[in-house]
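A short write-up of the structure that comes next.
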Amino acid sequence: QVQLVESGGGLVQPGGSLRLSCAASGNIFSINTMGWYRQAPGKERELVAAITSGGITNYTDSVKGRFTISRDNAKNTVYLQMNTLKPEDTAVYYCNADVFRYDKRWSKYWGQGTQVTVSS
């Protein structure tokens with residue numbers, strides 16, 4: 001079993017900042033890509049940012065220049081620093097990890113989701 005536990009969500013005013021964390025644990029041999037997705041009411045889940053084990057990053061256009069994804073491989077943890085937040089960033093944010101388990105299988109796992117609300 002693999003668990004991804006998220007933290008850091010909350011309520012923030014427009015222009016403010018939040019830092020999300022997601023720690024993976026359990027039956028993990030290694031982790032390739034980790035990422036963050038979000039889903040707003042009435043909208044499909046979208047990729048926000050992703051990072052490979054080697055540190056290569058990818059961002060959706062709407063967050064470029066404002067969000068930064070990073071990871072600590074020793075801790076199996078991925079972070080999302082969110083600056084200059086906008087109301088349209090309001091969503092439930094989910095972390096994701098592509099995990100190579102000790103049974104020699106790759107599986108994708110999801111965190112439980114954390115609410116980010118940007119409002120005055």
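The shown structure was predicted, so the numbers you read here are calculated from the model rather than taken from an experiment. For this chain, numbers begin at 1 and follow the sequence in order.
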Check your understanding: Are a donor atom and an acceptor atom from the side chains of Ser107 and Arg101 found within less than 3.5 Å of each other?
Key -> yes

**Study point:** Heavy-atom check, side chain of Ser119 versus side chain of Pro87, under 4.5 Å
**Key:** no

Revision key, fill the gap. What one should report as the nearest heavy-atom pair of Thr60 and Leu47 is CB-O, 3.4 Å

Study note, to complete from the structure: Here the gap from Leu11 atom CG to Thr90 atom OG1, rounded to the nearest 0.5 Å, amounts to 8.5 Å

**Study point:** Pair Arg38-Tyr93, side-chain donor/acceptor within less than 3.5 Å
**Key:** yes

Review point. For Met82, which of Leu18, Ile69, Val12, Asp89 qualifies under side chain to side chain contact (heavy atoms under 4.5 Å, CB included)?
Key: Leu18

Check your understanding: Under the 3.5 angstrom rule, does the side chain of Thr77 hit a backbone N or O of Lys75 as a donor-acceptor pair?
Key -> yes

Review point. Among Ile31, Asn76, Ile28, which residue meets the side chain to side chain contact (heavy atoms under 4.5 Å, CB included) test with Val2?
Key: Ile28

Check your understanding: Where is the tightest heavy-atom contact between Ala50 and Thr33, given as atom of each residue plus distance?
Key -> CB-CG2, 4.0 Å

Check your understanding: With a 4.5 Å heavy-atom cut-off, do Val116 and Leu20 have their side chains touching?
Key -> yes

Check your understanding: Does NZ or CZ of Arg45 lie under 6.0 Å from the centre of the six-membered ring of Trp110, at an angle within 45° of the ring axis?
Key -> yes

Review point. Minimum heavy-atom separation for Ala91 to Ala40, with atom names?
Key: CB-N, 3.8 Å

Exercise for review: State the OG-CD distance between Ser25 and Gln3, to the nearest 0.5 angstrom.
Suggested key: 4.5 Å

Point to revise | Salt-bridge criterion met for Asp61 and Lys64 (N-O under 4.0 Å) | key: yes

Revision key, fill the gap. Between the SG atom in Cys22 and the CE atom in Met34, the distance rounded to the nearest 0.5 Å is 5.0 Å

Check your understanding: Rounded to the nearest 0.5 Å, what separation is found between the CD1 atom of Ile51 and the OH atom of Tyr79?
Key -> 11.5 Å

Study note, to complete from the structure: Arg71 and Ser53 have their tightest heavy-atom pair at NH1-N, 3.2 Å

Revision key, fill the gap. All heavy atoms of Leu4 vs all of Cys95, minimum pair found to be CD2-SG, 3.6 Å

Exercise for review: Tell me, yes or no, whether the heavy-atom count around Glu88 atom CD, taken from other residues, nucleotides or ligands under 6.0 Å, exceeds 12.
Suggested key: yes

Practice item. Group every Ile, Leu, Val, Met, Phe, Trp and Tyr by side-chain heavy-atom contacts under 4.5 Å, then state whether Tyr59 and Val78 land in the same group. Key: yes

Check your understanding: Are Tyr102 and Phe29 close enough that their ring centers fall under 6.0 Å?
Key -> yes

Practice item. Give the ring-plane orientation class for Phe100 versus Trp106, where under 30° counts as parallel, over 60° as perpendicular and anything between as tilted. Key: tilted

**Study point:** Heavy-atom pair of closest approach, residues Ala49 and Leu80
**Key:** CB-CD1, 4.2 Å

**Study point:** Polar contact flag, side-chain donor to acceptor under 3.5 angstrom, Ser17-Asn83
**Key:** yes

Practice item. Ignoring hydrogens and angles, tell me if any N or O in the side chain of Gln112 forms a donor-acceptor pair with the backbone of Glu6 under 3.5 Å. Key: yes

Review point. Looking at OH of Tyr94 and CH2 of Trp36, how far apart are the two atoms once the value is rounded to the nearest 0.5 Å?
Key: 12.0 Å

Review point. Would you call Asn96 and Tyr37 a side-chain contact if the rule is heavy atoms closer than 4.5 Å?
Key: yes

